Amino acid sequence: MLEIRNLSVAYGKIVAVSDLSLTVNEGEIVTVVGGNGAGKTTTLRTVSGVLKPRAGEILFKGQSIVGLPPEAIVTRGISHSPEGRMIFGRLTITENLKLGAYNRKDAAGVKSDMERMFGMFPVLEQRKSQRAGTLSGGEQQMLAIARSLMSRPTLLLLDEPSLGLAPLLVEKIFDVVVELRNEGVTILLVEQNANEALRISDRAYVLETGTVTVEGPSTELINDPKLRAAYLGLD
Amino acid sequence: MKSTIARKTVVLLGGLVLLVVLLGVADATLNNYYLRILQLIGIYIVLTASLNLTNGFTGDFSLGHAAFMAIGGYTSALLTMPLAARALQLAELPVWFQEFVSPFPLATVLGGILAALVALPVGLVVLRLRGHYLAVATLGLLIIVKSIASNWEPVTRGARGLSGLNAETNLWWAFGWAVITIFVVWRMVHSPFGRSMIAVRDDSVAAASRGVHVFRIRLVAFIMSAFFGGVGGALLAHQLTAITPPTYSFDLTFLIVIMLVIGGSGSVTGSVIGAIIMTILPVILRDLERRFELPGVSQIIIAAALIAFMIFRRQGLMGNRELHPSTWFMKKPATPASVDAPQQ
Amino acid sequence: MRNIRFMALGVSAVMLLAGCSAGGGGGGGGGDSDEIVVGAVYSITGSQASIDEPAYNGFKLAAKEINDAGGINGKQIRVAFSDAASDTTTLTNVVSELIENDGAVALGGTNDSTFALAAGPIAQAAGIPFVASGATLPTLPDQVGDYMFMACYGDDLQAQAIADYSMEELDAKTAWALVDQAYDFTTALNKFFQERFTANGGEIVLEDSYKSGDTDYSAQIARLQALPTQPDVLFVSAIPNEAGIITQQIREAGLTQPIVSGDGYDTPLVAEVAGDNSKDVYFSTHVSLESEDAVVQDFVAAYTEEYGTGPENAFAALGYDTMNLIADALKRATDDTDPAAVKDALASTQDLVAVTGTISYPEGSRKPSKAVSIMRIVDKVTTFVKVIEP
Amino acid sequence: MTINYILQQLVNGLALGSIYALLAIGLTMVYGILRLINFAHGDLMMLGAYVSSIFISATVVPILLAVLIPTLLIAVMGLIVERTAYKPLRGAPEVAMLITSLGVSRLIQNSTVLALSPQPRAFSLPGDLTKTVNVGGIRFTQLDVLTFLLVIVLMVLLTLYINRSKTGMAMRASSENLQAARLIGINVNWAIGAAFVLGSALAGTAGFLWASRYGIIDPFMGFLPGVKAFVAAVIGGIGSIRGAVVGGVLLGVAEIGFVGFLPPEFSGYRDAFVFSLLLIVLLVRPNGLFGASEVERA
């Protein structure tokens, strides 16, 4: 579904991603793990069109999406739930969700999706006309995910969904991710919390200084003692 | 290491001697018109390099430089005004004032000091702001200072301004102060203090967390900038010999900002280059206007060039780098030119 | 500190540039024996443009007429000009350039006293005579020196003229004064008006102020209307840009007293901006362009032919007279290439018939004693009322 | 000081403040999204006044066209300025945009001087709109009343537009977090363009109103009102339409009040007073009257 080939991205003279290749197949959950500055977020932002690559290809459903503006990429079915959630705190929860469907023309579909989101995250419905800034961290994360689902993506890019959340909420978020996959959404997940992420994902990539160093099925990676020590914070 | 220092000193002294020789030659051979332009270059170097302390190094974008120039200009003009002119213009001032004429150098320094003294309370207030709000607040300061100059009749003579000053500003004063300004700014920037300034500019929260006294750094930079702004204003007053409130207008602030931006905020040598270019360019353009009888075109060209600069080379000609001519002449580029320049 | 060297490089670059343009600059110097270079110092851009541009046009027109008539002593006049851009720094550079690079033997220009005070000392130091067109500060020649002359009368004369007219012809005993704090000219006019008005037994009931660029005078006018008794005349010391709008706002407020002012009101903008409200306005100025005097009519005709529009205001006439004053002195000078001789000739100008009145410099004075014209605006039309001799 | 005098000065202040408000709305929308103090905003108003002056001189054209045409043309002009000068600077430091807008301001002023003339022009509106009416001793013109009503109507309509419409929602989202807005697929250039078009259109209208009220136009007339309108926007709370209107009206009333209620000697300090007011507001209540409660990012 998503194929990244030999991608390089730089901020001015600082190279953030170099020669990175990565594939996500339909229906998979793929996890990308790696330390700070490994290039995980940069990769996601390049896929969603906010950053322009210096070199390399990004194919989505077989077609190149390099150079397309972010809104065109959303229309094609990729949705990005950014790191730090980036919900619009001064807008209401309903407005946040509507904006997620900004490029959709089918009013009825948007309305039913909104109901679906409220069904999935009942807390959002209870507070739907309140400002999003009043939500707790976990609720904001749910809103961010719900917002990115409002564009009816076939591929969801999830950047650090568990960041800063209490363990109980982390659990809940990962349950949601699995549920989404069961509904047919393909997911590319970037996580610091690699242990949890690997547990629910099919395959995984390890990024180091902008390039892939290890890849394989999550079950293999989770048992690799070297990786466990280096990235999973387990001993 | 020791030889490097010695070499630096030699280059420094050599440069100064060369400058003195060149200025001497210029003084002896050029007519008054070209000397005026050269003096302006010196004055604008003082103003641009000093504005760089705030706008370039601590990242406090001020639009109020002309306010400090006005304070320095008016102060020095009052101090040096010949007694005859005083009797005519400032009869309302007290008797002691009618008797004391200050020498020009002293008046220049006092003008700078008064500007710095004003900058202290002003800085305590406006530096609580940052970014755009600071820019508009300092623009407000300029308008307030100009209002005072326009209305404080007994001292500033309002719209009539102060005239009949002696034309004290010459090449030596203009470039003497330019050298002093560059020296002081360079020393400030290339010191622990300077590194703190840059840390404040790049990330004031991080700087504060490392124990940098952010506010104090910004305040000191603001005051130093004001001091040399005042000095520059005094030099300008004694070149023009007549000053009125519009002399220190927003246009002047804007010109200095353009010089700074074109040279490269964050580079001391950039300030020098910017000042030179933006003094000479309008002169050349005015010459073209004359020849082709297209008045006003130079303003349009300068405005368009500024926009183009911001779009295509917003770091200015020099960016954060510095020119180190010593490395050119000694063919020893052992250290990269930007080694002690601020890091972005 | 190593960049000192760089500065030196910059300096030498400037010197190179200076050398080039000095060598290449248009035929530089007054050494050319078949032409006389006269410098014109005007701002045709910026805030001064609305009065300086007509003056510069008048200046050029006079030079053209002189050249068409065979020039001076067989030589043609070349007007050297560079835009002073309403900026003191540019102005002083221009004055210096005209003297040093163009070799001007005399300079004329500026309609603003503060600019004249910055330009004059440069000419004085270089020993080049400077004739101020419309800078009306009475003490200007004394403040600058013996090379400074005025083509116009001083503000004292025109302020006294309109003050006298207000009291004698309009029967004014009380006056309101509104003054623009932003200009030397307006503050001086106000001072001289009030001195004369009160010296002759009148009373200024309220002085109010504004700053050029303000466009809203409603607060000042409301304060005037709140006065217990209304003054007999409204004295407005304004520059042309604001004359019309102030008149408009005063009349719109329902005030009907005569408005009196100086040559700042000598602008078509009063009639254009105030429209039907431009009535009962009296002002003193340098010349009535409606005058039936042949000198005036010839000037108006020539100006109209040259520029396709009539003289915008009296400053056009002052620019014209400035050039003619200089030309007259060049003719009489013992040596028309020697600025000092031109200065002496200027100082001895007697009974020169000019558009703005006959110009003579009294012994030891470089300020002409000229007649002042009083004009009246009624229903958009400006008419000549009378001449007040000094 | 009679009650009449106080009311008269209040009316004068409202009339001036309404025009500030109109300008401030545009500035606040643009600043809200781009963090740009558009110094060229006042110059757009000047252009609007000049465009308008072409149409009032032809008596056949009804006054409505003299308002609508500059409004539309200046809206386009604003978009052109945005696309050519500001768009290439997306992501640049805010100071770069500020300097650019100063350059744009100069460019517009001096191009007008070169293309037309530096001479001020009369602008007199035919008809009764600018004729004074006297109601119980208080004088104002019909135009003053219309301006004030227009500002109130526009405030309501724009607030509705910003709060209810999809583009309005996108503008609010963009002003809160440009990055996030792009990520979720909002065409932020569209939102920014919309802010410029709306704001510039109002500047065009303000040009007509300013010129009609004061009867004279010149190429430099816009800069100071533009800066003062920014002051008004800051007083009201940047980013808020309601704040811009309230700030504009307050500033107008305060400015007139300063001149009208203090002794005449202080009149010359009018602009100094305006900026002192700005400093006080910035220091005491940096978010203005209706500004967002969050800590300002500036």
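A, B, ... follow the sequence lines: proteins, then strands. Residue 1 opens every chain. All of these numbers come straight from a predicted model, not from anything done at the bench.
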Please say whether the positively charged group of D/Lys166, taken as NZ for Lys or CZ for Arg, lies over the ring of A/Tyr102, i.e. under 6.0 angstrom from the six-membered ring centre and within 45 degrees of the axis.
->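 Verdict for A/Tyr102: a cation-pi partner in D/Lys166.
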Under 3.5 Å, is there a donor on one side chain and an acceptor on the other for [X] and [Y]?
| X | Y | answer |
| --- | --- | --- |
| D/Asn187 | A/Glu71 | yes |
| A/Ser162 | A/Glu191 | yes |
| A/Ser8 | A/Ser18 | no |

Rounded to the nearest 0.5 Å, how far apart are OG1 of A/Thr31 and CD1 of A/Ile187?
->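 One gets 9.5 Å once the value is rounded to the nearest 0.5 Å.
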How close do A/Gly56 and A/Val66 get, heavy atom to heavy atom, and via which atoms?
->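 Smallest interatomic distance, heavy atoms only, reads O-CG2, 4.2 Å.
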Toward chain D, the part of A/Ile87 with a non-hydrogen atom under 4.5 Å =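 Contact with chain D involves the backbone of A/Ile87 alone.
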Per-residue contact mode, A/Ser151 against chain D (heavy atom under 4.5 angstrom) =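 Neither the backbone nor the side chain of A/Ser151 comes within 4.5 Å of chain D.
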Chain A neighbours within residues 191-200 of chain D, where any heavy atom lies under 4.5 Å away |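 Checking residues 191-200 of chain D against chain A gives no residue, so none.
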Who in residues 97-104 of chain D is close to chain A, using a strict under-4.5 Å heavy-atom cut-off?
->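 Listed by number: none.
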Any salt bridge between A/Asp113 and A/Arg104, counting N to O under 4.0 Å?
->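 Counted as a salt bridge, because a side-chain N and a carboxylate O are separated by less than 4.0 Å.
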Under-4.0 Å salt bridge between A/Arg5 and A/Glu3 =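 Answer for the salt bridge query: yes.
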Parallel, tilted or perpendicular for D/Phe223 and D/Phe39, by the 30°/60° rule?
->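 Judged by the thresholds at 30° and 60°, the geometry between D/Phe223 and D/Phe39 is parallel.
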Name of the residue among A/Lys128, A/Arg85, A/Arg127 meeting salt bridge (charged side-chain N to carboxylate O under 4.0 Å, His left out) with A/Glu139 =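 Of A/Lys128, A/Arg85, A/Arg127, salt bridge (charged side-chain N to carboxylate O under 4.0 Å, His left out) with A/Glu139 is met by A/Arg127 alone.
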Taking the side chain as C-beta and beyond, is there a heavy-atom pair between A/Arg181 and A/Glu28 under 4.5 Å?
->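 Answer no - side chains too far apart.
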So what's closer than 4.5 Å to chain A heavy atoms on D/Asn163: side chain, backbone, both or neither?
->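 Only the backbone of D/Asn163 comes within 4.5 Å of chain A.
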If you count heavy-atom pairs under 4.5 Å with chain D, which of A/Val74, A/Thr75, A/Leu91 comes out on top?
->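 So the answer, after comparing A/Val74, A/Thr75, A/Leu91, is A/Leu91.
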